[in-house]
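Report on the structure given below.
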Amino acid sequence: MKLKDILKRFLPFFKDYKMHFVIVIIGMLLAAGGSAAAAWVIEPVLNKIFVDKNKELLYILPYAVILIYFLKGLGTFLQAYFTAYIGQDVVRRFRDKLLDNLINLDMSFFYEYRVGELISRNISDIERIRGIVSNIIPEFLRELITIIGLLCVVFYQSVQLAFFALIIMPLAAYPLSILAKKMKKVSRASQEKNSDISSKLNEIFTNIELIKANNAQKYECKNFAEQNRNFLIINLKSVKIVELVSPMMETFGSIGIAIVIIIGGGQVIDGNITMGSFFSFVTALFMLYTPVKRLSKLYNSMQDAVVAADRTFELLDKTTRIQNGDKEIPDEIQSIEFKNVALKYDDKSVLRGVSFEALKSQTIAMVGASGGGKTSLMNLLMRFYDTSGGEILINGVNLREFDVPSLRKNIGLVTQRVYIFNDSIANNVAYGKEFDETAVINALKLANAYEFVSELENGIYEVLNEFGTNLSGGQRQRIAIARALYANPQILIFDEATSALDNESEKEITRAINNLRNKKIIFVIAHRLSTIEQADKIAVLKEGKIVGFDSDSKLLQNCEYYAKLKGKAIV
């Protein structure tokens, strides 16, 4: 991706800052004009005051110098502040836009990318892009305008000397272009390694309990130290490339200045040029090399931002394969039919021709060995994925025709993995929905959680730690169940939802589920088969196929695989 492509992508954002850009341009012109004027004013100061001894100008020109530097300082401030404002605000909006896109992508995307990498791209990479908007491009333009202004002074004072002084500049272009290419390569490696470090840290802190339990602290620190050292080596390469620019430009510049001193000094001695003009020329030339040097550094820094933009736009351009329908879920779901449903993850078949129907007021249990496709079936109902073959029908209408938010609003999901946010219990229960205190309390009661919640110091407003570490596993599970029940959905999915509960709590939850069954369609996935004996129907899955679909008693008689599973459970 080239710089012009990046600017094109940012153009829709820039349109909202027209007045700010006007102020920025005024600031740049004042700053650049001030630099050029500071070099030009040397001539009248030397020639008119020190040589011609003009007393009138003695009391005028010093004030002109003050005015020049005041306007230059004002311009620098205006340009710096308003470009920073534009850059910060554009990046804020851009970061919001990136998250909005990522959070709506398919679940498969989140299995493909590491959490730490996504965090790094949303924070570090976009911060590097901010440098283009608020630092690199404005400074590039300012230095460019300054160079043009100083060149005008240089050519005004002596075209001949300007030729000898500046002929050396094109010679510097080739090595600088080589450094820029190397910088781009190193920048990509640096940003990728930064993502690796973020991912590693996320992995360590997320699995800290496991690390401590296995005395793996030294092992993890050693792995991290190795990655961190590689990151250091890459960053030092970047510093080396950036810092080579300055001595290279100074070396080339010194050659040009040496030529000017030899030729220009001779012209002053011969009387072909005044001393004021010569010193004005030399001052402008010295001042000229500074922005040229900065420009070269900025060009190299720009490569880093271009790489960051590449990585960011790669994520921003990703689209979901889950296409939204336009129908709302009906007020009463009478039936859910899985019709010859198939699902593939890459080349692996997970579900192969699954067919069964769930009716309102029924509890459907799903059993089978791990990897049999039970959770995948529910993921299809949630539309985390779409079927590879067959279809799922709600009241006879294909699931894909429904609005996805409307579908998920009508499904309460509780999984074996419990999600708890660093927020109050009330907000955890009402997560993503309009808050209603009475509904929160009712949901907690249904989940057999209100008793322990009411004993907490702040009750339902007690703030939970990240991952809910100030609750027991069973308590966290019941908060998750309350969340699923909060909005009174028409469909409930319990995927190993009682796995972390003690026997008594499990019985209470099972009773609560049974009390809801006359109003809803309930799917229960469980490995402890004693918990699903009261289900209306039990779907027995084996290697992605249904090998039995009936009540517990009938399956024991007719399904050898179920009987075998039940036998294992009893043992």
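The model shown is predicted, which means the values in this text are computed figures rather than measured ones.
Taking CG of Leu464 as the reference point, atom CG of Leu471 lies at 5.0 Å (rounded to 0.5 Å). Note that the OG1 atom of Thr312 and the CZ atom of Arg95 stand 9.5 Å from one another [nearest 0.5 Å]. To the nearest 0.5 Å, the span separating NZ on Lys344 from OG on Ser349 amounts to 4.5 Å. Between the CG atom in Leu381 and the CZ atom in Phe523 there is a gap of 5.5 Å [rounded to 0.5 Å].
The only member of Ile546, Ile392, Leu343 that meets side chain to side chain contact (heavy atoms under 4.5 Å, CB included) when paired with Val354 is Ile546.
In terms of modelled atom types and a separation under 3.5 Å, the side chain of Lys520 and the main chain of Pro489 share a donor-acceptor contact. Judged purely by atom type and a 3.5 angstrom limit, Lys564 has no side-chain atom pairing as donor or acceptor with the backbone of Cys559. Listed for the Asn379 side chain is no donor-acceptor partner under 3.5 Å among the backbone atoms of Phe384. Between the side chain of Arg121 and the backbone N or O of Arg311 there is at least one donor-acceptor pair closer than 3.5 Å. Panel note: side chain Asp536, backbone Thr363; a donor-acceptor pair is recorded below 3.5 Å. Checking side-chain atoms of Gln490 against main-chain N and O of Asp331 turns up a donor-acceptor pair under 3.5 Å. Asp495 places no side-chain N or O within 3.5 Å of a backbone atom of Thr375 that could act as its donor or acceptor partner. Put simply, the side chain of Asn395 gets close to the backbone of Ser335: a donor and an acceptor are under 3.5 Å apart. In this structure a side-chain-to-backbone donor-acceptor pair under 3.5 Å is missing from Arg478 to Tyr450. In this structure, the side chain of Asn340 does not engage the main chain of Gly390 through any donor-acceptor pair within 3.5 Å.
Residues Ile329 and Ile333 share a closest heavy-atom pair of CG2-CD1, 3.7 Å. Of all heavy-atom pairs spanning Arg352 and Lys545, the tightest one is O-CG, 3.5 Å. The two residues Gln323 and Asp386 have their closest heavy-atom pair at N-OD2, 4.5 Å. Taking each heavy atom of Val341 and Leu380 in turn, the nearest pair found is CG1-CD1, 3.5 Å. Closest non-hydrogen pair, Leu316 versus Asn101, comes out as O-ND2, 3.2 Å. Across every non-hydrogen atom of Thr387 and Arg400, the tightest pair is O-NH2, 2.8 Å.
Ring geometry, Phe77 versus Tyr81: the interplanar angle falls under 30°, so the pair is classed parallel (tilted spans 30 to 60°). Taking the six-membered ring where the residue is Trp, His20 and Tyr85 present parallel rings, their angle staying beneath 30° rather than reaching 60°.
A distance of 6.0 Å or more separates the ring centres of Phe435 and Tyr486. For Phe82 and Tyr17, the ring centers sit 6.0 Å or farther from each other.
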Evaluation steps, side-chain hydrogen bond (donor to acceptor under 3.5 Å, both in side chains), between Tyr562 and Asp552: CA-CA 9 Å; Tyr562 180 74; Asp552 174 68; 2.4 Å; yes
Please assess Asp100 against Lys97 for the test salt bridge (Lys or Arg N to Asp or Glu O under 4.0 Å), listing each intermediate value before the final yes or no. CA-CA 5 Å; Asp100 183 59; Lys97 186 178 176 68; over 6 Å; no
Please walk me through it: do Leu377 and Lys374 pass side chain to side chain contact (heavy atoms under 4.5 Å, CB included)? CA-CA 5 Å; Leu377 206 57; Lys374 304 181 296 296; 5.9 Å; no
Phe313 and Phe94: CA distance, side-chain angles, deciding distance, ring pair (Phe, Tyr, Trp, His ring centres under 6.0 Å) verdict: CA-CA 10 Å; Phe313 290 130; Phe94 195 72; 5.5 Å; yes
Begin with the C-alpha distance, continue with both residues' side-chain angles, and end with the deciding distance and a verdict on side chain to side chain contact (heavy atoms under 4.5 Å, CB included) for Arg483 and Val414. CA-CA 8 Å; Arg483 181 189 297 140; Val414 186; over 6 Å; no
